[in-house]
Amino acid sequence: MSISDHGAMRTHGNGHLRAEHADETVTLAGWVDSRRDHGGVAFLDLRDRSGLVQVVADPEASDALEAAHRVRPEWVIRVTGTVRVRPEGMRNDRLPTGDVEVAATSIEVLSVADTPPFPVEDGIDVSEDLRLKHRYVDLRRPRLAHNLQVRAQVTSVIRRVMERNGFIDVETPILTRPTPEGARDFLVPSRLQPGESYALPQSPQLFKQLLMVAGVERYYQIARCFRDENLRADRQPEFTQLDLELSFADEEDIYGLIEELFVEVWREVLGEELQVPFPRLTYAESMRRFGTDKPDLRFGLELADLGEVFADTEVGVFKGVLEAGGSVVALAVPDGGELTRREFDDWTEWAKRRGAKGLAWGVVEAGEDGSAAATLRSPLTKFMTDEEVAGVIAATEGSIGDAVLFGAGKTSFAFQLMGALRVAIAEDRGLVGAHDDGSTRWEFVWVVEPPMFDPADESDDPTAATAEGWVPNHHPFTAPAPEYVDDFEQRPGDATTRAYDIVLNGTELASGSVRIHDADLQRRVFRFLGISDEDAEEKFGFLLRGFSYGVPPHCGIAPGLDRLIMLITGSDSIREVIAFPKTQSGSDPMTDAPAPFDPAALAEAGLKLAPKPKAD
Ligand code: ASP
């Protein structure tokens, strides 16, 4: 037995009716999208998930007309009637069903509705709080309804591609022990073991590795992950990843699989053909050319390291920074010579807000007296030698009419600052490339060989600070590059790993790595991170014990589903592609979660609330 396409209560989806259905008697159902009542005749637009169709009620069916007078927007009704082709001149080209209408013979009210808190249409100006409070109404709006459909389409393609490649879907626990991914854990008190708690998984990392020990070989899961992070733009405390792991495999298998997957998603959902293989950049090269490990390759504006150009400079600020071991970094803005003084000042303010002392600038101009060599018009030029001017223009590949912007400071800061400026200026000046027809360009890139560790003071998670002052750049289960396996402890700032990220248009879509599959090496990494053997045994003993029973080499990755769908649907936030998201402060205005503890539940879990910190 199977069910009919539209359920037993109706014969068609509203949005599917066409001229070929003329003269058929149909039964439809849905929400009243709008009503135009002319007294003697009333028009209703009836909406369901397939779309809208116009229903007409006239005096020939007086009960139907009477009901049509009564109904209001968002009432749920069922209509029986005859499809007819609309008279010439009355057709609506903007509606797929615009050639037809349904002449109602009966209208049955299935449920009445209060006036909705906001109109059910796109492009409305309503606060997100109100939208989230009434998310069930919000999700009726065409754009959000579409996003949910795209999401389901993408997960369906994912399952097909994974199954085709021999992966099996295995569920892993939600109530578990902490899995470090660089954030805080959400804890769930245990009633059966009062005073103890579970942690919600930051990812299924340890379980998927143990599934490799178990011989599963190819695992995937569309997995919910939980990370208690500080408020940052567009993060959700719970989010979804396509989590996967495979044995007897290496980086090339991951690249091939993910490229196959994205090609198929783009083809099925957007009808676009992606070019593969995607380019690859090392982390070091990405930082040097773009000032970030998430480079947006839809535009150029590459950074130039001017350390050599200014090696013997008399330009005071640059000299000081370079002598202190820092960097001078510049980029050329095409046609930036048209920027006004005021605009340069605004960009300088922009840089100061990010902790810079300022920005220097210049404009590339034709040489005096028509000489071929270009010059730089800048407050700094008088301190520069001709070679330095030529060096700046050559390194930034500046052309006549371009502006050159300079940032200076500690090396990592200077590159990151100029990397952020590169993106901000490209957006501001409309340099983020689209295709000629205005459609989005998709620039994927693999960023590989990242550092093994980051200085702990650059970490978001104070609880992750380690004895040595380093935190893992990915997670502590990531294999070091072969040349660092023996002595990463002696060269923690140089060591790189066999991790990889896939970046799309400047957004990280997935991270993963080849894993450590040797208990001794894993213990050394823990030790280096300040996790003693006893602690390691207590926290990760189950993983290490697993490794002692025969572990295949393995690797994995986890593309973030929410961001993927956000980019595919052109949404500005992941909240637009999650059915029931939380606000930026982690609450849900609809259910009012989180809620105060129930005292009885607290007592059962053996917990007591500390007095609330006094607000001052
Ligand atoms: N567990 C990692 C994460 O969630 C992904 C991976 O290494 O596969 O970021």
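None of the values given here were measured: they were computed from a predicted structure. Just so you know, ligand 1 is whichever comes first in the structure, and atom 1 is the first atom listed for that ligand. We count residues from 1, following the sequence as given.
With hydrogens and angles disregarded, a donor-acceptor distance shorter than 3.5 Å links the side chain of R422 to the backbone of G300.
Ligand 1 is surrounded by E181, S203, Q205, K208, R227, Q241, H474, H475, S511, G512, R515, G556, I557, A558, each with at least one heavy atom closer than 4.0 Å.
For the pair R524 and D520, the salt-bridge criterion is not met [side-chain N within less than 4.0 Å of a carboxylate O].
Listed by first and then second residue, the ring-ring contact (aromatic ring centres under 6.0 Å, His included) pairs involving residues 230-261 are Y255-W446, Y255-Y500 (not counting sequence neighbours). Note on residues 554-578: pairs passing salt bridge (Lys or Arg N to Asp or Glu O under 4.0 Å), not counting sequence neighbours, are E128-R575, R131-E576, R143-E576, R151-D562, D234-R575.
Counted by atom type alone, Q209 and Q205 present one or more donor-acceptor pairs between their side chains at under 3.5 Å.
By the salt bridge (charged side-chain N to carboxylate O under 4.0 Å, His left out) test, E537 is found to be paired with R545, residues two or more places apart in sequence or in another chain being considered.
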